[in-house]
Amino acid sequence: MPNKLYKFTFSPPARLAWLAAKIYKVPTDVIDIDLSKAGQFDSEFLKINPKHEVPAFVHDDDYITESRAIAKYFHEFFNKEEDLNDHWYPSDPNQRKIVDEWLDWSDKRHMIFCAPPLLYATSTYGMPWRETYGIMMAIMGYKVKNDKKYE
């Protein structure tokens with residue numbers, strides 16, 4: 001069974017997993033899940049990730065979700081150039097601890113940075129999201145545009 005990486009082009013976490021696959025030269029089929037058309041709720045995809053989120057990676061019988069876990073998995077199992085890639089996820093325990101702290105920090109906050117532009121884009125007239133989610137996205141976008149905490 002070939003490796004499969006499920007992503008959505010406009011998802012920053014999915015992009016992290018896709019870039020890590022490129023860095024570590026992971027032999028994988030990349031499968032786009034179109035969130036704008038609710039592709040994450042497809043019954044086949046729900047078998048891979050019941051939380052209906054991208055990214056997701058399938059390797060043999062392992063199902064890995066969450067972008068940071070996927071990137072670490074690639075480093076552990078597909079890192080063929082250890083000296084060249086050591087700066088991405090250092091082998092030195094003290095340096096790795098610093099990287100893990102930054103990964104943990106950004107994990108809890110990535111939606112703070114992603115939500116405003118995402119909601120703005122999805123609520124803008126003419127965007128493909130409006131064709132599938134319509135008024136819900138427009139209302140969310142209006143709220144973000146007028147919410148002082150996102151300025």
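Note that the coordinates shown come from a computational prediction; the quantities given were computed from them, not determined experimentally. Side-chain atoms are counted along with the backbone in the values below, which use heavy atoms only and exclude waters and symmetry mates.
Taking hydrophobic clusters as Ile, Leu, Val, Met, Phe, Trp and Tyr residues chained together by side-chain heavy-atom distances below 4.5 Å, I48 shares a cluster with F8. A chain of hydrophobic side-chain contacts below 4.5 Å, direct or via other Ile, Leu, Val, Met, Phe, Trp or Tyr residues, connects I33 to V58. Residues I70 and V26 share a hydrophobic cluster, clusters being chains of Ile/Leu/Val/Met/Phe/Trp/Tyr side chains in contact below 4.5 Å. No path of Ile, Leu, Val, Met, Phe, Trp and Tyr side chains, each step under 4.5 Å between heavy atoms, connects L46 with F57, placing them in separate hydrophobic clusters. At a threshold of 4.5 Å between side-chain heavy atoms, the hydrophobic network of Ile, Leu, Val, Met, Phe, Trp and Tyr places V30 and Y73 in one connected group.
Aromatic ring centres of H75 and Y24: separated by under 6.0 Å.
A distance of 10.0 Å separates CG of D60 from CZ of F77, quoted to the nearest 0.5 Å.
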Using side-chain contact (heavy atoms from CB on, under 4.5 Å), reason through V54 and F45 one step at a time and then give a plain yes or no. CA-CA 10 Å; V54 292; F45 183 70; 3.9 Å; yes
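Partners of E44 under the side chain to side chain donor-acceptor pair (under 3.5 Å) rule, at least two apart in sequence or in another chain, are K47.
With contacts defined as side-chain heavy-atom distances shorter than 4.5 Å, the pair E66/K51 qualifies. At a threshold of 4.5 Å between non-hydrogen side-chain atoms, the residues Y6 and N49 do not count as touching. Proximity of P13 to P55: side-chain heavy atoms (C-beta onward) are separated by under 4.5 Å at one or more points. Side-chain contact between F78 and K25 is absent, with no heavy atoms from C-beta onward closer than 4.5 Å. In this structure, the side chains of I23 and F74 stay at 4.5 Å or more apart for every pair of heavy atoms.
Checked options D32, D34, D29; the residue passing with K7 is D32 (criterion: salt bridge (Lys or Arg N to Asp or Glu O under 4.0 Å)).
The two atoms that bring T28 and A21 nearest to each other are CG2-CB, 4.5 Å, heavy atoms only.
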